K.L.:
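Below you will find the structure I want to go over with you.
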Amino acid sequence: MGVAACGGGERQDKNEPNGKFEVDVLNATFPGKQKLAKRSTLVIKLRNAGDKTIPNIAVTVHGFDERKNDPDLADPERPVFVVNGVPKQIGGFPESKDASPPGCDTAYVDTWACGPLKAGDRKTFKWSVTAVRAGNYRIRYIVAAGLNGKARAVDTGGASPTGVFTGTISNTPPQTRVADDGKTIVSGTR
């Protein structure tokens, strides 16, 4: 009788270089005042400030959702912001793809990795999101040089590049609607 299991084979981090890779956060923006159902854009601009290629530039974003301690909930994770969808054709079929950094999807929760970044090159991470829960919010981002922990992103002081956005989401939705044609966005109500 044989036993099958996952996890065999070579290590996942086998080919990730070991070391520190200097990264500058050139700009990080996200509106401090938000409204329910209104789109906004979170942007993080990075530069490889070192003299060697970063193996896999990545950003993890915490705060798009929050955990609720309610035993009646099937899933305790509740959205604060949803990442908007963009219509795409996938395999000839209409689909919706997250409006997050293109080509940077990973299997890691809340993490986007865009591949190698040469010395001196820049990469902009951009998310289109919509607020879905009124109240205060806190979003934290962490920059990484790889996904497996051997390649570490550091700032000029040797610390991991991170940042925080805080603000409020008003419970007043924007005064817009979809016109009768089903496509046009119109300001005001009927």
Side-chain angles (χ1 to χ4, degrees), residues 20-49 54-86 96-115 117 122-176 185:
K20 295 179 182 179
F21 298 84
E22 194 170 321
V23 177
D24 283 340
V25 177
L26 300 174
N27 193 11
T29 60
F30 192 58
K33 292 186 179 188
Q34 305 265 348
K35 285 189 173 187
L36 281 178
K38 185 170 187 217
R39 287 179 182 254
S40 59
T41 304
L42 188 153
V43 178
I44 301 170
K45 294 180 182 180
L46 305 173
R47 182 176 70 87
N48 180 343
I54 294 171
N56 195 1
I57 191 70
V59 175
T60 299
V61 179
H62 297 293
F64 285 156
D65 56 12
E66 63 187 359
R67 188 169 189 81
K68 295 285 187 183
N69 292 322
D70 184 342
D72 294 330
L73 295 174
D75 182 358
E77 295 298 321
R78 294 291 169 209
V80 176
F81 293 93
V82 294
V83 178
N84 297 315
V86 175
S96 179
K97 190 80 173 125
D98 286 349
S100 56
C104 301
D105 295 336
T106 70
Y108 294 88
V109 176
D110 300 331
T111 299
W112 291 263
C114 294
L117 187 64
R122 298 169 185 225
K123 179 66 185 170
T124 299
F125 288 76
K126 187 183 294 187
W127 295 263
S128 172
V129 299
T130 298
V132 296
R133 194 256 313 136
N136 295 327
Y137 72 83
R138 182 180 191 273
I139 292 180
R140 179 174 185 248
Y141 68 87
I142 306 160
V143 179
L147 294 177
N148 298 307
K150 289 170 64 177
R152 290 190 46 236
V154 295
D155 61 19
T156 54
S160 179
T162 64
V164 175
F165 301 106
T166 58
T168 57
I169 302 166
S170 166
N171 63 358
T172 305
Q175 295 297 311
T176 57
I185 304 296

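Given the structure is predicted, the values throughout are model-derived calculations rather than measurements.
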K.L.:
Would you compute the distance between atom NE2 of His62 and atom OG1 of Thr162 and round it to the nearest 0.5 angstrom?
P.N.:
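Here the interatomic distance stands at 10.5 Å.
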
K.L.:
Which atoms form the tightest heavy-atom contact between Pro101 and Trp112, and what is the distance?
P.N.:
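The answer is CD-CD1, 3.9 Å.
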
K.L.:
Keeping Thr106 on the side-chain end and Thr111 on the backbone end, is there a donor-acceptor pair under 3.5 Å?
P.N.:
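Indeed, once roles are kept as given, a pair shorter than 3.5 Å links the two residues.
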
K.L.:
Once side-chain hydrogen bond (donor to acceptor under 3.5 Å, both in side chains) is applied, do any residues pair with Glu22, and if so which ones, sequence neighbours excluded?
P.N.:
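With sequence neighbours excluded, Glu22 shows a side-chain hydrogen bond (donor to acceptor under 3.5 Å, both in side chains) to no residue whatsoever.
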
K.L.:
Mind checking side chain to side chain contact (heavy atoms under 4.5 Å, CB included) for Lys45 and listing every partner two or more places apart, or none if nothing turns up?
P.N.:
Leu26, Asn27, Val43, Thr124

K.L.:
Taking all atoms of both residues into account, what is the closest heavy-atom pair of Lys35 and Ile169, and its distance?
P.N.:
C-CG2, 4.0 Å

K.L.:
Please assess Ser40 against Val129 for the test side-chain contact (heavy atoms from CB on, under 4.5 Å), listing each intermediate value before the final yes or no.
P.N.:
CA-CA 6 Å; Ser40 59; Val129 299; 3.6 Å; yes

K.L.:
For the residue pair Thr166 and Val164, establish whether any side-chain heavy-atom pair is separated by less than 4.5 Å.
P.N.:
yes

K.L.:
I'd like to know if the side chain of Asp65 reaches the main chain of Val80, judged simply by a donor and an acceptor atom lying under 3.5 Å from each other, with no hydrogens or angles considered.
P.N.:
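Between the backbone of Val80 and the side chain of Asp65 there is no qualifying donor-acceptor contact (under 3.5 Å).
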
K.L.:
Show every donor-acceptor pair shorter than 3.5 Å between a side-chain atom in residues 130-147 and any protein atom, with sequence neighbours excluded, or say none if there are none.
P.N.:
unit_1: Thr130; atom_1: OG1; unit_2: Asn84; atom_2: OD1; d: 2.6
unit_1: Thr130; atom_1: OG1; unit_2: Asn84; atom_2: ND2; d: 3.3
unit_1: Arg133; atom_1: NE; unit_2: Glu66; atom_2: OE2; d: 3.1
unit_1: Arg133; atom_1: NH1; unit_2: Asn136; atom_2: O; d: 3.1
unit_1: Arg133; atom_1: NH2; unit_2: Glu66; atom_2: OE1; d: 3.3
unit_1: Arg133; atom_1: NH2; unit_2: Asn136; atom_2: O; d: 3.0
unit_1: Tyr137; atom_1: OH; unit_2: Pro31; atom_2: O; d: 2.5

K.L.:
May I ask you to test the Ser128-Arg39 pair for a side-chain heavy-atom distance under 4.5 Å?
P.N.:
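Yes - at least one pair of side-chain heavy atoms lies under 4.5 Å apart.
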
K.L.:
What pair of heavy atoms forms the shortest contact from Leu73 to Pro76, and how long is it?
P.N.:
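Minimum heavy-atom separation between Leu73 and Pro76: CD1-CA, 4.3 Å.
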
K.L.:
Going by heavy atoms in the side chains, are Trp127 and Val61 under 4.5 Å from each other?
P.N.:
yes

K.L.:
Excluding sequence neighbours, so at least two apart, what forms side-chain hydrogen bond (donor to acceptor under 3.5 Å, both in side chains) with Asp24?
P.N.:
Arg47

K.L.:
Determine, stepwise, if the pair Leu42 / Lys126 fulfils side-chain contact (heavy atoms from CB on, under 4.5 Å).
P.N.:
CA-CA 6 Å; Leu42 188 153; Lys126 187 183 294 187; over 6 Å; no

K.L.:
Counting only N and O atoms by type, is there a donor-acceptor contact under 3.5 Å from the side chain of Asn148 to the main-chain atoms of Lys150?
P.N.:
no

K.L.:
What are the two closest non-hydrogen atoms of Phe125 and Ile57, and how far apart are they?
P.N.:
CZ-O, 3.8 Å

K.L.:
How long is the gap from CG on Asn48 to CD1 on Ile54, to the nearest 0.5 Å?
P.N.:
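It is 3.5 Å, given to the nearest 0.5 Å.
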
